[in-house]
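Here's the structure, in structure tokens; my notes come after.
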Amino acid sequence: MSDTTPEMLTLHAAFAAKIDAVLAELEADGALPPETPRHNVTVEPPRDSSHGDLATNAAMVLAKLAKTNPRELAGKIVDRLNADPDIIEATIAGPGFINLRLSDEAWLNELGAIAQSGSDYGKSAIGGGSTVNVEYVSANPTGPMHMGHCRGAVVGDALASLLEFAGHKVVREYYVNDAGGQVDVLARSAHLRYREALGDTIGDIPEGLYPGDYLVPVGEHLARELGDRFKDSDEADWLPVFRAESVEKMMDLIKADLALLGIHHDLFSSEAALQAAGKPEEAEKWLRAHDLVYDGVLEAPKGKAPPDDWEPVELPLFRSTKFGDDQDRPIKKSDGKWTYFGADLAYHMQKAETADALIDIWGADHSGTVKRIKAAVSALAEGEGKAIPFDVKLVQMVQLMRDGEPLKMSKRSGNFITLAEMVEEVGKDVVRFTMLTRKPEAQMEFDFAKVVEASKDNPVFYVQYAHARISSTMRKGAAEGLEPSADGIAQLGEAELSLVKQAAQFPRIVEAAAKAREPHRIAFFLYDLGGEFHSYWNLGNDKPEKRFIVAQNQELSRARLFLAAQIGQVIRNGLSILGVEAVEEM
RNA sequence: GCGCCCGUAGCUCAGUCGGAUAGAGCAUCAGAUUCCUAAUCUGGGGGCCACAGGUUCGAAUCCUGUCGGGCGCACCA
């Protein structure tokens, strides 16, 4: 490859550009109409590698526009591609696929690109510097994180990193629901613990309050801070103080839990502060002016018996039925306070003010509320002259297992597993990687016994072990005075080449994953790359001449070490997106 | 009853904007191996992509319907 410009294109980008250039030539010749749309044209490795290194469907997609049949158009494209020295062969196959076989040199040069870019290899500019706000976790500040929060936390965090890697600015945001009724419950529970700390006997925790031990230190803290002046006073006196104090303590707890998973948000937004600033009123005013909020009576729930205390009341309702929802949704409660939804739509407007796109990561148990919030946001955003892309990604439930048996969890019985316990038992990397080796919209099982197995059945172990093997090889090379070098790279053969080809997919995978907003694709890529590496490594079991360091040939050893170093780099880059450590040894 | 998600090998799961003969690991079967390049290796068998229609050069992928599983369904959050 003759490409030695500083802004080195990755291999796939370079060849996609070559094909694009050919299409431009055909436009100039009149074989294609001017400004032929290219969005359907793909350039990707064929499923079957015997077909070649890259394949494009350009001829099939564009044949109609060219007023010809796919194979004939393919012929014109192939003729031009065959003139390129980096393309050994361009052939037409099947209905009109164009298969390209690239020179070994073109592939091997990608190793140089990896070395040159280092930890930047695979980064993309498709984000164009636009700001994406990713809101994830947003667990209620009423207790420690438990397992149910885990998947959304990991997926949201990896997605944020992925988008950064793909050229977006990212804001990682946590919405603190510190304004609702459950915070009163928290405050009352904390008050009980406060009295306990001051020597009162509290007995069993009354029904409806939080029984967890985690409130004991909060009560002790409050007793130290406040003395006994709220011990016997009216609830109205102490409630605001206890709310604020206990929410703060719960957020400390939650942040510590998240840190165990390597998760750190940029921004914590308070619902109470939002309301104090009058944001929901602003939103309501605009919605009423556009007849999207009206005072009406809620319908009784359909399809099941209404609750005992059901009674029709008039409330301000958002016209979400206009957007496909089952019924209109209240933005205020009968006590005059904002509903969660009423505050949430104002909150999304607030986020939209500083971002170009919004993403929410929610648990599947909130699926019923997606329509109303999407409707409200698009109505409000357009009203303010700023339509904003808004995605709600639902993360499905995780079924916890131990040795193939489902673990029953219920808050009522107190039998639930906290995030901290889980991380302590299996480790951060295992939790993160396992949560990411499944597409988020499918339910998954998490078996405590299986995920810690140190064997090839376990994807986390498999990928980390590949990196550890590379590290140990590099150490061994260094001990023998062998520095990695690209000089002898031409000596690398078929087996090494297929490893390079796998690693060279990374930039493509990053872009595809970022566009689809699916971080799990990175995890699967790493698993495949690790597999490719291990099978290459295994060649050395029987054939010492296939090992990275071969006594007889220093130049080959140095070239193979160069290869190993670049594979290690790609694994590190991928793992960094997932927030999983690339270990040096195991 | 309604809404959202899922259904791919015996099991757990991938499957690129619709692309060529649908993949991986486990399990199974047949070989190899006791080796610090250690926490196995090589190869084989195994599929009505839940089912039925539709869209088109082409469908696991898109549309409609049916069945099965999960989640949710008054002012909670």
Side-chain angles (χ1 to χ4, degrees), chain A residues 39-42 44-48 51 55 57 60-61 63-64 69-70 93-97 99 138-140 142 177 179-183 271 298-304 306-307 309-313 315 317 324-327 329-335 337-344 363-371 392 394-397 399 404 437-445 447 450 453-459 461-462 465 469 472-473 476 505 508-509 512-513 515-516 518 520-521 523-524 527-528 531 534-535 537-542 544 546-549 586:
Chain A
H39 61 277
N40 280 330
V41 175
T42 59
E44 46 193 33
R47 208 168 266 174
D48 186 342
H51 290 132
N57 62 354
M60 288 187 292
V61 176
K64 261 184 197 160
N69 68 67
F97 284 102
N99 292 325
S138 299
N140 291 330
T142 55
N177 303 130
Q182 81 229 308
V183 184
E271 181 184 0
L298 277 180
E299 297 169 44
K302 290 168 188 162
K304 61 176 196 179
D309 54 352
W310 162 263
E311 52 186 42
V313 282
L315 294 169
L317 301 179
D325 206 352
D326 297 344
Q327 57 177 276
R329 305 292 175 174
I331 60 170
K332 273 185 180 174
K333 299 186 272 187
S334 46
D335 65 3
K337 291 179 183 166
W338 296 100
T339 61
Y340 180 86
F341 171 62
D344 202 28
D365 50 346
H366 291 74
S367 62
T369 64
V370 172
K371 273 182 186 167
V392 180
L394 292 176
V395 173
Q396 292 292 322
M397 301 287 127
Q399 171 71 60
T437 39
R438 210 125 318 177
K439 54 183 175 191
E441 66 270 24
Q443 292 159 241
M444 70 175 288
E445 291 180 9
D447 193 313
K450 282 187 191 161
E453 271 177 32
S455 77
K456 59 173 298 209
D457 317 346
N458 185 345
F461 170 82
Y462 199 59
Y465 190 31
R469 275 181 159 170
S472 97
T473 301
K476 193 175 170 192
Q505 306 300 318
R508 258 190 69 236
I509 302 288
K515 277 184 197 163
E518 292 182 348
H520 73 274
R521 296 191 193 193
F524 282 97
Y527 184 68
D528 290 342
H534 287 302
S535 65
W537 176 276
N538 287 331
L539 293 176
N541 279 328
D542 299 334
K546 286 291 188 187
R547 296 182 184 183
F548 280 91
I549 298 170
M586 303 186 75

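These numbers were taken from a predicted model, which means no experiment stands behind them. A note on names: the letters A, B, ... follow the listed sequences, proteins ahead of strands, and every chain is numbered from 1.
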Pick the closest RNA chain B nucleotide for Lys371(A) and for Asn538(A) by heavy atoms, then say which residue is nearer the 5' end.
Lys371(A)

Distance check needed: A38(B) C1' versus Asp542(A) CG, whole Å only.
15 Å

Applying a 4.0 Å non-hydrogen cut-off, can you work out what Phe548(A) is touching in the nucleic acid: base, sugar-phosphate, or nothing?
base

Holding to ring-ring contact (aromatic ring centres under 6.0 Å, His included), I want the full list of residues that pass it with Tyr465(A), two or more places apart in sequence or in another chain.
Phe461(A), His534(A)

Lys333(A) side chain, from C-beta outward: closest of C6(B), C76(B), A38(B):
C76(B)

How would you label the contact of Val41(A) with the nucleic acid (heavy atoms, under 4.0 Å): base, sugar-phosphate, or nothing?
base

Closest-nucleotide mapping onto RNA chain B: is Glu311(A) or Trp537(A) further toward the 5' terminus? I mean the 5' end.
Trp537(A)

Contact class for Arg329(A) vs. all strands (heavy atom < 4.0 Å): base, sugar-phosphate, or nothing?
nothing

Going 5' to 3' through nucleotides 65-71 of chain B, assign each nucleotide B (protein heavy atom under 4.0 Å from a base atom), S (under 4.0 Å only from sugar-phosphate atoms) or - (no protein heavy atom that close).
----BSB

Taken to the nearest whole Å, CZ/Arg521(A) to P/C13(B) is 19 Å

Who are the ring-ring contact (aromatic ring centres under 6.0 Å, His included) partners of Tyr527(A), not counting sequence neighbours?
Tyr462(A)

Please produce a list of atom pairs where a protein N or O lies less than 3.5 Å from an N or O of nucleotides 32-35 of chain B.
none

Paired stems touching RNA chain B, three or more consecutive Watson-Crick or G-U pairs with both distances under 3.5 Å?
B:1-7 with B:67-73, B:10-13 with B:23-26, B:28-32 with B:40-44, B:50-54 with B:62-66

Using a 4.0 Å heavy-atom cut-off, does Gln399(A) contact any base of the nucleic acid, only the sugar-phosphate backbone, or nothing at all?
nothing

Would you find more than 12 non-hydrogen atoms of other residues, nucleotides or ligands less than 6.0 Å from Lys337(A) atom NZ?
no

All side-chain hydrogen bond (donor to acceptor under 3.5 Å, both in side chains) counterparts of Arg547(A), not counting sequence neighbours:
none

Phosphate contact (C26(B) OP1 or OP2) by Lys450(A) side-chain N/O below 4.0 Å
no

Which residues satisfy the side-chain hydrogen bond (donor to acceptor under 3.5 Å, both in side chains) test with Asp325(A), sequence neighbours excluded?
Ser320(A), Arg329(A)

With a 4.0 Å cut-off on heavy atoms, is Lys476(A) in touch with a base, just the backbone sugar-phosphate, or nothing at all?
nothing

For Ser472(A), which contact category applies under a 4.0 Å heavy-atom criterion: base, sugar-phosphate, or nothing?
nothing

With sequence neighbours excluded, residues passing side-chain hydrogen bond (donor to acceptor under 3.5 Å, both in side chains) with His366(A):
none

Just call it for Met586(A): base, sugar-phosphate, or nothing, with non-hydrogen atoms closer than 4.0 Å on any strand.
base

Lys439(A) atom NZ is separated from G7(B) atom P, nearest whole Å, by 5 Å

Report the residues that fulfil side-chain contact (heavy atoms from CB on, under 4.5 Å) with Gln396(A), sequence neighbours left out, ordered by chain and then residue number.
Arg151(A), Ala364(A), Gln443(A)

Can you sort out the partners of Ser138(A) under side-chain hydrogen bond (donor to acceptor under 3.5 Å, both in side chains), two or more places apart, ordered by chain and number?
Glu135(A)

When we call it a touch if two heavy atoms are under 4.0 Å apart, what does Ser334(A) touch: a base, just sugar-phosphate, or nothing?
base

Listed partners of Asp542(A) passing side-chain contact (heavy atoms from CB on, under 4.5 Å), at least two apart
none

Sugar-phosphate, base or nothing in reach of Phe524(A), heavy atoms under 4.0 Å
sugar-phosphate

So if I define the base as every atom that isn't primed, P, OP1 or OP2, how would nucleotides 18-25 of chain B read as a B/S/- string at a heavy-atom cutoff under 4.0 Å?
-BB---SS

Proximity to the side chain of Leu315(A) - top-ranked nucleotide from C75(B), A14(B), A74(B)
C75(B)

Atom pair distance, as rounded to whole Å: NZ in Lys337(A) and C1' in C76(B)
13 Å

